[in-house]
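Quick notes on the structure that follows.
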2 protein chains.
Amino acid sequence: MKRNYDENAKIIKALSDPSRLKIIDILSCGEKCACDILQYFDFTQPTLSHHMKVLMECGIVECRKEGLWSYYSLNSSNCNKLILFLMNLVTDTDECICKDKAKCECK
Amino acid sequence: MKRNYDENAKIIKALSDPSRLKIIDILSCGEKCACDILQYFDFTQPTLSHHMKVLMECGIVECRKEGLWSYYSLNSSNCNKLILFLMNLVTDTDECICKDKAKCECK
DNA sequence: ATTTTACATAGATAGTTATCTATATAAAGG
DNA sequence: CCTTTATATAGATAACTATCTATGTAAAAT
């Protein structure tokens with residue numbers, strides 16, 4: 001981490017948006033497709049697409065394509081100490097943000 | 001922390017700039033006045049003043065005035081879990097960035 | 001084949017921000 | 001007093017970004 005200011009600033013910047021923090025929170029329940037994530041927000045589908053791209057470019061989120069659907073999930077395995085901590089911080093609770101608990105893997 | 005997306009995004013955003021990460025690194029050696037901090041950068045004095053203001057508004061840094069000088073230091077006591085972690089992450093090394101080790105409190 | 005559906009991309013725009021120059025402030029020295 | 005010095009503030013600007021509408025793409029359904 002030390003002295004690698006530019007690269008780390010880029011990762012931190014990806015997490016410096018309230019909508020993206022909320023996306024991480026949502027994905028902490030497990031994999032979700034884009035249209036499911038979108039229901040938690042007021043913005044449009046292209047805007048979500050933009051946020052997912054930012055999160056993926058930093059390795060925070062990964063995507064699995066299946067037919068028409070794109071399933072997104074937190075990519076802990078690819079995460080460094082910083083990302084892991086921030087993800088845990090945002091999602092550190094027993095209560096899941098997801099309304100449909102049957103569909104998600106809430107603890 | 002949970003669900004407080006806006007406030008936390010603001011703190012994370014304050015840390016999402018490479019110059020401000022470097023300032024935190026510099027201050028990890030201990031209190032320094034603005035003109036000393038400025039020597040580590042190529043930008044102008046008003047730009048540093050701007051960055052210090054951003055860091056202070058989030059409680060990451062505090063300022064002590066003495067005569068003409070403004071002495072800045074990391075404000076760990078006022079920090080939440082997030083800020084503390086990020087500060088430790090940036091400064092987690094034995095090697096100090098400061099050239100003049102006689103003047104700073106490097107471990 | 002045509003339509004529908006899920007998502008991405010292109011391009012525009014308004015708001016934010018990192019930087020600059022110029023100037024203000026205020027303390028210290030001569 | 002006047003000058004010097006350290007820092008802050010004001011205002012401008014260029015770059016970046018979060019958002020939108022419009023459109024492209026590609027898989028599935030009819």
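Values reported hereafter were calculated over all heavy atoms of this structure, with side chains retained and with hydrogens, waters and symmetry mates removed. Proteins come first, then strands; the chains are lettered A, B, ... in the order of their sequence lines, and each starts at number 1.
Taking only side-chain nitrogens and oxygens, B:Thr47 comes nearer than 4.0 Å to OP1 or OP2 of C:dC20. Remark: A:Thr44 is not in phosphate contact with D:dT19, judged by side-chain N or O atoms under 4.0 Å from OP1 or OP2.
Across all strands, B:Phe41 comes closer than 4.0 Å to no nucleic acid atom at all (heavy-atom distances). Contacts of A:Ser70 with the nucleic acid, taken as non-hydrogen atoms under 4.0 Å apart, involve only primed sugar atoms and P, OP1 or OP2. A:Tyr72 comes within 4.0 angstrom of sugar-phosphate atoms only, judged by non-hydrogen atoms across all strands, and of no base.
For A:Asp42 and D:dA18, the CG to C1' distance is 14 Å, given to the nearest whole Å. Between B:Asp36 atom CG and D:dA6 atom C1' the separation is 12 Å, expressed in whole Å. We find that CZ of A:Arg64 is positioned 12 Å from P of C:dC7, with the value rounded to whole Å. Atoms CG (A:Leu68) and P (D:dG24) sit 18 Å apart, rounded to a whole Å. In this structure, the CG atom of B:Asp6 is 13 Å from the P atom of C:dT16, given to the nearest Å. Computed from coordinates, the A:Lys65 NZ to D:dA26 P distance equals 11 Å when rounded to whole Å. As rounded to whole Å, 17 Å separates atom C1' of C:dA6 from atom NZ of A:Lys32. In this structure, NZ of B:Lys10 is placed 17 Å from P of D:dA18, rounded to the nearest angstrom.
At a threshold of 4.5 Å between non-hydrogen side-chain atoms, the residues A:Ile12 and B:Asp17 do not count as touching. The closest side-chain heavy-atom distance from B:Met56 to B:Cys63 is below 4.5 Å. Side chains of A:Ile26 and A:Asp36 form no contact here, defined as non-hydrogen atoms less than 4.5 Å apart. Looking at A:Lys13 and A:Val54, their side chains never come closer than 4.5 Å, going by heavy atoms from C-beta outward.
Between its opening and closing five pairs, the helix from C:dA1-D:dT30 to C:dG30-D:dC1 changes axis direction by 10°, a value rounded to 10 degrees.
Both the sub-6.0 Å distance and the 45° axial angle are satisfied by B:Lys22 relative to the ring of B:Phe41.
Less than 4.0 Å separates DNA chain D from at least one heavy atom of each of the following residues of residues 48-56 of chain B: B:Ser49.
Heavy atoms only, all atoms of each residue included: B:His51 and B:Ser19 are closest at NE2-CB, 4.0 Å.
Residue A:Lys13 is the one, among A:Lys13 and A:Trp69, whose nearest nucleotide of DNA chain D lies closer to the 5' end (criterion: closest heavy atom). Heavy-atom nearest nucleotides on DNA chain D were determined for A:Glu66 and for B:Ala34, and the one closer to the 5' end corresponds to B:Ala34.
Between B:Glu62 and B:Arg64 there is no salt bridge, since no side-chain nitrogen of the basic residue lies less than 4.0 Å from a carboxylate oxygen of the acidic one.
Judged by distance alone with a 3.5 Å cut-off, a donor-acceptor contact links the side chain of A:Gln45 to the base of C:dA8.
Using a distance-only test at 3.5 Å, with no hydrogens or angles considered, no donor-acceptor pair links the side chain of B:Ser49 to the main chain of B:Pro46.
Which of C:dA22, C:dA18, D:dA26 sits closest to the side chain of B:Arg20 comes down to C:dA18. The listed nucleotides are C:dT21, D:dA6, D:dT19; the one nearest the side chain of A:Phe43 is D:dT19.
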Kindly indicate, with the supporting measurements, whether the criterion side-chain contact (heavy atoms from CB on, under 4.5 Å) is fulfilled by B:Leu38 and B:Thr44.
-> CA-CA 8 Å; B:Leu38 187 58; B:Thr44 62; over 6 Å; no

Starting from the C-alpha separation in whole Å, work towards a yes-or-no answer on side-chain contact (heavy atoms from CB on, under 4.5 Å) for A:Tyr71 and A:Ser73.
-> CA-CA 7 Å; A:Tyr71 290 97; A:Ser73 58; over 6 Å; no

